[in-house]
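Have a look at the structure below, then the notes.
Keep in mind that this is a model prediction, so the values were computed, not measured. Convention: sequence-line order gives letters A, B, ...; per-chain numbering from 1.
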Amino acid sequence: MRFRPSYKSRRGRVGVSLNGGSFILPRSLKGRFSKVSGMFSSLMTPEKRAVKRVTELSRNKSTYFGCLVQDYISFVQENRSCHTSGMDFLQTVRQFMTQTKAYLRQTSELDPPIESLIPEDQIDRVLEKAMHKCVLKPLKSVIEAILHDFQESSGAWRQLRENLALAKTKRPQEMGVDGAVPPDAVAIEKIRQKFVSMRKVYSPEKKVSLLLRVCKLIYTIMQDNSGRMFGADDFLPMLTYVVAQCDVPQLDAEIQYMMELLDPTLLQGEGGYYLTSAYGAMALIKNFQEEQAARVLSSEVRNTLHQWHRRRTTPRSAPSVDDFQVSHLS
Amino acid sequence: MAAAGAAGGGKSFSFKVVLLGEGCVGKTSLVLRYCENKFNDKHITTLQASFLTKKLNITGKRVNLAIWDTAGQERFHALGPIYYRDSNGAVLVYDVTDEDSFQKVKNWVKELRKMLGNDICLCIVGNKIDLDKDRHVSVEDAESYAESVGAKHYHSSAKLNKGIEELFLDLCKRMMETAQLEERAKGNGANQSSSSRRGVQIVDDEPQATPAGGCCSSG
């Protein structure tokens, strides 16, 4: 099935930006206005108006867009088991959002047209936000259930819990932390709470921003205790240690959710980087037992190479690799 | 494939650069030097050196660099692909006093070429030239190796702030060339899809583009 909307020729209308100055409605007034929202919708920021407009349209089954969204939502709710994996499922959700966004930019169903509310370079971000509200918000609990079913049926859930429990018993050094000071029990609890609250929001971007706060907290602790800045060599092991200590197995599905549903254009940025690191930390923990086995194996391989190298390089008078390699490996 | 020209009229480039190398070769100091005092306020984790950004202006074109540091220890090696995927460039750092770290760079080059082909611009960097008297990787070896794999070779000292600006500038220029070639290769249809980033699929003729109920009907 493919979108076959009657593409109206792109409106030649020039977008009028209403976003010249920032218009922020005081929080205290918001509640009152919402009661008479129709009348006062002109007082909302253009972004809010646009998101609201798209959300309304998505619920209106007399429109093509409304049918598309509502049919998709019911389809996902009723067909939980037609996917091969959690990732495969999330990718179809992402694809749906990306394609409906493309549709929204061309349809004449949005009235007033989005470009009359939002400056061109902001449109994609605003539509993304709107799609989260129309699609992810109603589907959040279903998506969680589907992901969990996959974890259960594949045995991944049990393995994850076991490995998390094992990893939790490890000291920072055993997770590769070298020198930097790890968060104490109080900080770990604070971080754990952030991971828990991450589960309550549906927006992948909001989840990512909570993840960033966790990372910042870890950095702050590392830095306060040393006064220097840390790169990935120190940060990734520390994050792995922290994730293990927090012992929130649901974080695995959260990471998957963010990885697959976050706007792909954001994956190159800071959020994408720390999401990748969280994914990496979780992958290390998930394969904790195998990883230990692999390390024994790889050090065996390395020893073999060493010996091979020594045999080859003995005649040389110049210092051999082994001379300065030893300190590195031991 | 490169995230080039995404911003409408004014030509601008956004590149992802991955930083690879064994622990202790000075990756972190190198990139901190490069981005020194230019931390982006918008970033929440400003006080760190794992993810850094840099804005440049090269021959009138805006370039946004996102620099991804990786953990160099062996136990994290398997995570390499999740960090370097979709990279436009890689800076591979070794320590000129440590031949083993140069060997590690060779392993990374092999892996990057295998996984990403020639789309990725490589820059091999011999760091710590302030310790030149203890050098264990010869200049000739390093340079001829770099040439043989289509990479540029640079020497640097994060300590003395030498060679760093140059290597990143050269890398950016090469990434711009690659991006422009790609764009030209994509050719005729200068429509939206050419400006879309990799990973984003909004094209209509994508064969597996099956939204809504499609996932079942196709099986």
Inset, instruction - Please state whether the side chain, the backbone, both or neither of Met259(A) comes within less than 4.5 Å of a heavy atom of chain B. - result: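 Met259(A) touches chain B through side-chain heavy atoms alone.
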Legend entry - Proximity breakdown for Ser277(A) and chain B, heavy-atom pairs closer than 4.5 Å: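 Both parts, heavy atoms under 4.5 Å.
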Inset, instruction - List in chain and number order the residues that pass salt bridge (Lys or Arg N to Asp or Glu O under 4.0 Å) with Lys110(B), two or more places apart in sequence or in another chain; answer none if no residue qualifies. - result: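 Listed in chain order: nothing, the list is empty.
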Inset, instruction - Determine whether Thr276(A) and Phe51(B) make a side-chain contact, defined as any pair of heavy atoms from C-beta on separated by less than 4.5 Å. - result: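 They are not in contact (no side-chain heavy atoms under 4.5 Å apart), so the answer is no.
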Inset, instruction - Taking the side chain as every heavy atom from C-beta outward, state whether Gln268(A) and Asn88(B) have any pair of such atoms under 4.5 Å apart. - result: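 Counting from C-beta outward, Gln268(A) and Asn88(B) do come under 4.5 Å.
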Legend entry - Test side-chain hydrogen bond (donor to acceptor under 3.5 Å, both in side chains) applied to Asp132(B) - qualifying residues, sequence neighbours left out: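 Listed in chain order: Arg135(B).
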Inset, instruction - Please flag which part of Thr28(B) lies under 4.5 Å from any non-hydrogen atom of chain A: side chain, backbone, both or neither. - result: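 Thr28(B) touches chain A through side-chain heavy atoms alone.
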Inset, instruction - Please state whether the side chain, the backbone, both or neither of Leu79(B) comes within less than 4.5 Å of a heavy atom of chain A. - result: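 Only the side chain of Leu79(B) comes within 4.5 Å of chain A.
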Legend entry - Inter-residue atom distance Arg85(B).CZ - Leu267(A).CG, 0.5 Å rounding: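 Nearest 0.5 Å value for the CZ-CG distance: 6.5 Å.
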Legend entry - Donor-acceptor under 3.5 Å (Tyr273(A) side chain, Leu52(B) main chain):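 It does not hold such a pair.
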For the residue pair [X] and [Y], what are the closest heavy atoms and their distance?
| X | Y | answer |
| --- | --- | --- |
| Asp233(A) | Lys27(B) | OD1-NZ, 3.0 Å |
| Ser50(B) | Tyr219(A) | OG-OH, 2.6 Å |
| Ala71(B) | Leu236(A) | CB-CD2, 3.9 Å |

Around [X], counting heavy atoms of other residues, nucleotides and ligands shown, do more than 12 lie under 6.0 Å from its [atom1]?
| X | atom1 | answer |
| --- | --- | --- |
| Asp130(B) | CG | yes |
| Tyr145(B) | OH | yes |
| Lys194(A) | NZ | yes |

